[in-house]
Amino acid sequence: MSEKAEPPSTQLAAGERRSSSIAWRIALGFWWRRLVRWVLVDLVVLLAVFAALWVGYARDLPTDALTYGIIPADHVTCELFFSTDRSGLDALALAVKTGPTPAGDWFFFEPGSDLISLWPVGAALLVVELLSLLGIFSDVRRIRRRLQPLNALALSAEALGSKDIMDASKIESLEQAIERASVDSPQVKTGVDDLASIEVALNGLLRQMQEAKLQQIRFVSDASHELRTPIAVIQGYVNMLDRWGKDDRAVLEESIAALKAEGAHMQELVEQLLFLARGDSGRNTLDLASVNLAALVSEVASESAMIDADHVYELGFSDVAASDDRFVVTCDASMVKQSARVIVQNAARYSATGTRILLDVAADADAVSYSVRDEGMGMSPEEATHVFERFWRADAARDASKEGTGLGLAIACWIVEEHGGTIDLVSHEGVGTRFTVRIPRA
């Protein structure tokens, strides 16, 4: 006696539940790896902050109170306590006694207040981490969309099985093959000829999921590496300050300048990571308005010439274009201007001193475009295919300049794509590079 087939609505609900459960399991795997990497980054940052605070306090202690200029001597006593006249973290204080009881001098420091003063950096890093971790919901949605064809195939297979069109053993073979497959091992093989087309679809889906996983892992790993680099530099200069900076004015000034530069670099990196994280989660919104692209490009050229005297910035159009309606386009002015700045800065970074950077605009019936052309080192065809990838920089570019983060062109590409536009790149090694950004009128 044959079993009664379940209604289509019941089969659909069951399939959706299975798809959602699988999506959550895969996304949680990504989430845990992401969490572990951020915890490691937090530990490194925390250790660097405490080391920097202690180095600063050590400069106020007598020279005989420290060994090697940083390690407390045997007769020195350190005690952490909470002050009664304050509350919260601000009450945390450090008492250092530099002599044996009852003699000796007391020195008091306020690490709680110092830690509170660093809250903007900590808050920025925390926001980046939270946005990264909240990405699990977008991961689940993406995985669920990827699983929809698989769910439809499974439902079709169940429907065929209920009509006795397909042998139950074939369905069982397919289920076992799916259970054995995973993102790390994207291979579904049943050995049943009738299921060959299903195998091809499933294997293609799993390969796409594997690539998405690897891309996410690479992004988190590269972000962690880029954050560790300025932290290591800061730690190195702090150690140099501790050893020689107390007495050597030149070392002190060099270290302060380097610490400021690395702090600015880390701030830029965190802001770019925040921008991309908001973009990936759909939190960046466009404030559209009518903008004259020629006027906007002219502003970028003027600002670049003012802050960079090492290059010659030229416009390929007259001042009349700034009031010409042909160059008006509907876009987010601040974001498009940011994309132009990124491309101009990239051109200046990889061009020799005294060379020319030309900015131009063009218009047709469908779109308005701007271009940035430099006389720099250029790129090979293979390098040009990777230039918009996050954290990617060519080897020659890394040797020529270490100021970049490898995120600027990725941000520019995101901005242009959000406007429905395109970026064209033409580059020749030893000749130069030209970026052309095309933005549709509507």
Side-chain angles (χ1 to χ4, degrees), residues 257 260-261 263-265 267-269 271-272 275-276 289 291-324 327-329 331-363 368-379 384 387-388 393-394 396-398 400-416 419 421-428 430-439:
K260 286 182 178 179
H265 175 72
Q267 181 182 5
E268 178 187 9
L269 176 61
E271 289 175 352
Q272 290 178 336
F275 184 94
L276 290 173
V291 178
N292 187 298
L293 204 57
L296 186 146
V297 171
S298 179
E299 290 177 7
V300 173
S302 300
E303 294 168 359
S304 300
M306 181 174 57
I307 63 177
D308 177 21
D310 294 334
H311 298 88
V312 179
Y313 292 89
E314 295 182 2
L315 293 176
F317 55 91
S318 64
D319 295 338
V320 179
S323 56
D324 193 334
F327 302 107
V328 173
V329 65
C331 66
D332 186 313
S334 62
M335 284 197 179
V336 172
K337 190 174 184 179
Q338 182 181 359
S339 71
R341 283 173 175 165
V342 166
I343 296 174
V344 170
Q345 290 170 1
N346 187 78
R349 182 174 294 123
Y350 303 132
S351 299
T353 300
T355 56
R356 184 182 64 159
I357 297 176
L358 176 66
L359 291 83
D360 203 356
V361 294
V368 181
S369 60
Y370 72 85
S371 62
V372 178
R373 186 176 66 190
D374 63 61
E375 301 171 350
M377 65 178 65
M379 290 176 282
V387 73
F388 297 109
R393 281 173 289 176
R398 290 181 185 271
S401 173
K402 298 185 183 298
E403 299 174 352
T405 62
L407 291 174
L409 290 179
I411 290 176
C413 183
W414 183 92
I415 291 173
V416 174
H419 284 83
T422 58
I423 300 182
D424 295 327
L425 168 62
V426 178
S427 184
H428 298 281
V431 177
T433 302
R434 183 184 68 197
F435 287 89
T436 303
V437 175
R438 180 181 172 88
I439 299 177

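As the structure is a computational prediction, the values presented were derived from the model and not from experiment. As a basis for the values below, the full set of heavy atoms in this structure was taken, side chains included, without hydrogen atoms, waters or symmetry mates.
Legend: residues meeting salt bridge (charged side-chain N to carboxylate O under 4.0 Å, His left out) with R373, ordered by chain and number and at least two apart, are absent. In this structure, the side chain to side chain contact (heavy atoms under 4.5 Å, CB included) partners of D310, at least two apart in sequence or on a different chain, are D308, T353.
When all heavy atoms of F388 and I423 are compared, the closest pair comes out as CZ-CG2, 3.5 Å. A pairwise comparison of heavy atoms in A384 and L425 identifies CB-CD2, 3.7 Å as the closest pair. Shown here for F317 and V361, the closest heavy-atom pair between the two residues is CD2-CG2, 3.6 Å.
Here the options are I415, V368, V329, the test is side-chain contact (heavy atoms from CB on, under 4.5 Å), and the partner is I439; only V329 passes.
In this structure, the side chains of N346 and L409 come closer than 4.5 Å at one or more pairs of heavy atoms. Contact of the V328 side chain with the V291 side chain is not registered, since no non-hydrogen atoms from C-beta on lie closer than 4.5 Å. Inter-residue side-chain proximity for L359 and V344 is flagged as met; some heavy-atom pair is nearer than 4.5 Å. H419 is listed as a side-chain neighbour of D332, based on a closest heavy-atom distance under 4.5 Å. For the pair T433/Y350, no side-chain contact is recorded, criterion being any heavy-atom separation below 4.5 Å from C-beta on. D374 places none of its side-chain heavy atoms less than 4.5 Å from the side chain of T355. Counting heavy atoms from C-beta outward, D424 and F435 have side chains that stay 4.5 Å or more apart.
With hydrogens and angles disregarded, a donor-acceptor distance shorter than 3.5 Å links the side chain of H311 to the backbone of S351. Looking only at distances, no side-chain donor or acceptor of S339 sits under 3.5 Å from a matching main-chain atom of A412. With hydrogens and angles disregarded, a donor-acceptor distance shorter than 3.5 Å links the side chain of N292 to the backbone of D324.
In summary, the side chains of S371 and T436 do not present any donor paired with an acceptor at a separation below 3.5 Å, with no hydrogens or angles considered.
Taken from CZ in R349 to CE in M377, the straight-line distance is 11.0 Å, to the nearest 0.5 Å. Between the CD1 atom in I411 and the CD1 atom in I343 there is a gap of 12.0 Å [rounded to 0.5 Å]. Remark: R356 CZ to E314 CD distance equals 5.0 Å, nearest 0.5 Å. Going from atom OG of S334 over to atom CD of Q338 covers 7.5 Å, rounded to the nearest 0.5 Å.
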Can you list, pair by pair, the side-chain donor-acceptor contacts under 3.5 Å of residues 293-306, counting residues two or more places apart and other chains?
from, atom 1, to, atom 2, distance (Å)
E299, OE1, K337, NZ, 3.0
S302, OG, S298, O, 3.1
E303, OE1, R341, NE, 3.4
E303, OE1, R341, NH2, 3.0
E303, OE2, K337, NZ, 3.0
S304, OG, V300, O, 2.8

